[in-house]
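Structure, as structure tokens:
Note: hydrogens, waters and symmetry copies are ignored here, and every other heavy atom, side chains too, is used. Everything numeric in this text was worked out from a predicted model, so none of it was measured. Lettering follows sequence order; numbering is per chain, from 1.
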There are 2 protein chains.
Amino acid sequence: MGVTKRFIHSDYINEIARIAKVFAHPARVSILKYISEQESCICNDLVDEIGLSQATISQHLTVIADAGLLKGIYKGKAKCYCINLETFENFRETLNSFFITTKSKCC
Amino acid sequence: MGVTKRFIHSDYINEIARIAKVFAHPARVSILKYISEQESCICNDLVDEIGLSQATISQHLTVIADAGLLKGIYKGKAKCYCINLETFENFRETLNSFFITTKSKCC
DNA sequence: TCGTAATATTGCAATATTACGATAATAAGT
DNA sequence: ACTTATTATCGTAATATTGCAATATTACGA
């Protein structure tokens with residue numbers, strides 16, 4: 001028990017849930033918003049900006065990166081986080097079309 | 001530990017996460033999609049349609065309802081589930097504008 | 001009111017997520 | 001090579017989520 005039964009749902013349904021999950025935690029939403037607001041893409045102060053430990057921020061960044069939402073991660077003294085706008089826009093369209101088609105077919 | 005620290009984020013950030021969480025499980029996405037596809041709004045066969053127990057479906061429905069996404073719940077032998085299209089559309093717009101504004105300010 | 005069908009709730013087990021301290025790894029500069 | 005700054009990973013604790021069996025509730029019809 002306790003395991004999400006993904007195999008009983010279609011790929012499309014699972015994809016919607018997978019995308020939504022990235023945004024389902026306020027820390028990750030904050031991180032994305034903060035990165036988007038930076039002039040340059042050097043964002044080594046997420047820890048100070050958001051009130052969570054460095055380890056926790058790093059974990060959330062991994063989740064965001066695993067979803068394909070980060071790019072331009074150059075290793076160095078400070079890492080460079082940028083949102084992968086292609087994937088980000090893709091997520092927006094996928095979610096939005098889910099809402100639109102679901103709404104249109106609703107009773 | 002283990003508790004999401006909502007108080008460190010703005011209401012707006014928490015709202016985005018709260019909305020996304022509803023769609024962050026494939027069972028709930030399936031339920032919403034299925035309900036939207038019904039001609040009438042009598043949907044007492046979700047259990048047969050999705051491969052989960054009646055108790056589990058009921059729990060997911062509660063989550064969806066608590067978010068304000070269900071309406072027209074008439075008590076009776078069979079309950080009647082309809083998506084609250086106002087809230088649903090509101091969620092779409094909130095998420096979509098988050099994507100758009102976050103994207104537009106990105107480096 | 002009694003039986004039946006449909007849905008909700010409870011209790012519990014299994015797994016997932018969140019958070020952080022400690023520590024390791026990485027890269028730049030000296 | 002050594003130090004320093006930054007980020008990643010590991011280990012662990014606490015909480016949340018998922019799923020289902022059992023049971024309760026609800027509403028309808030006979």
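- Neither OP1 nor OP2 of D/dG19 sits under 4.0 Å from any side-chain N or O of B/Ser53.
- Side-chain rings of B/Tyr81 and B/Tyr34 stay apart, their centers remaining 6.0 Å or farther from each other.
- Distance from the side chain of A/Val3 is smallest for C/dT15 among the nucleotides C/dA22, C/dT15, D/dC20.
- Residue A/Ile31 is grouped with residue B/Ile8 when hydrophobic side chains (ILVMFWY) are merged at heavy-atom distances under 4.5 angstrom, including chains of intermediate members.
- In this structure, D/dC20 forms a base pair with C/dG11, meeting either the Watson-Crick or the G-U wobble geometry with both donor-acceptor distances under 3.5 Å.
- Here B/Ile57 lies out of heavy-atom contact (under 4.0 Å) with every strand.
- In this structure, A/His25 and A/His60 have tilted ring planes: the angle between them lies in the 30° to 60° band.
- Residue A/Lys79 places none of its side-chain N or O atoms closer than 4.0 Å to OP1 or OP2 of C/dT26.
- Taking atom CD1 of residue B/Ile50 and atom C1' of nucleotide D/dC20, one finds them 16 Å apart after rounding to whole Å.
- Searching all strands for a Watson-Crick or G-U wobble partner of D/dT26 with both distances below 3.5 Å returns C/dA5.
- Taking 4.0 angstrom as the limit, B/Lys21 places a side-chain polar atom (N or O) nearer than this to OP1 or OP2 of D/dT17.
- Checking the phosphate oxygens (OP1, OP2) of D/dA16, no side-chain nitrogen or oxygen of A/His25 falls inside 4.0 Å.
- Pairing each heavy atom of A/Ala27 with each of A/Ile50, the nearest pair is O-CD1, 4.3 Å.
- Counting any heavy atom pair closer than 4.0 Å across all strands shown, B/Arg28 reaches sugar-phosphate atoms only and no base atom.
- Rounded to whole Å, the distance from CD1 on A/Ile35 to C1' on D/dT7 is 13 Å.
- Judged by distance alone, with hydrogens and angles left aside, A/Gln54 brings a side-chain donor or acceptor within reach of the base of D/dA8, the pair sitting under 3.5 Å.
- Checking C/dC20, D/dT9, D/dA22 against the side-chain heavy atoms of B/Ala55 singles out D/dA22 as nearest.
- Under the Watson-Crick or G-U wobble criterion, with both distances below 3.5 Å, D/dT4 is paired with C/dA27.
- Atom-to-atom, NE2 of B/His9 to P of C/dT18 comes out at 11 Å; the value is rounded to the nearest Å.
- Mapped onto DNA chain C by nearest heavy atom, A/Arg6 and B/Lys5 fall at different nucleotides, with A/Arg6 at the one closer to the 5' end.
- When the side-chain nitrogen and oxygen atoms of B/Tyr81 are compared with OP1 and OP2 of C/dA8, one or more of them lie within a distance under 4.0 Å.
- Taking atom CD1 of A/Ile64 as the reference point, atom P of C/dT18 lies 11 Å away to the nearest angstrom.
- Here the nucleotide nearest the side chain of B/Gln59, chosen from D/dA8, C/dA8, C/dT10, is C/dT10.
- Protein atom CZ of B/Arg18 is 14 Å distant from nucleotide atom P of D/dT17, rounded to whole Å.
- Looking at B/Phe23 and A/Leu95, their side chains never come closer than 4.5 Å, going by heavy atoms from C-beta outward.
- For B/Thr56, a side-chain nitrogen or oxygen approaches OP1 or OP2 of D/dC20 to under 4.0 Å.
- The phosphate of D/dT17 (OP1 or OP2) has no side-chain N or O of B/His60 nearer than 4.0 angstrom.
- Heavy atoms of A/Thr4 sit under 4.0 angstrom from primed sugar atoms or phosphate atoms, though from no base atom.
- Listed by chain and number, the residues in a side chain to side chain contact (heavy atoms under 4.5 Å, CB included) with B/Ser10 are B/Tyr12, B/Ile13 (sequence neighbours excluded).
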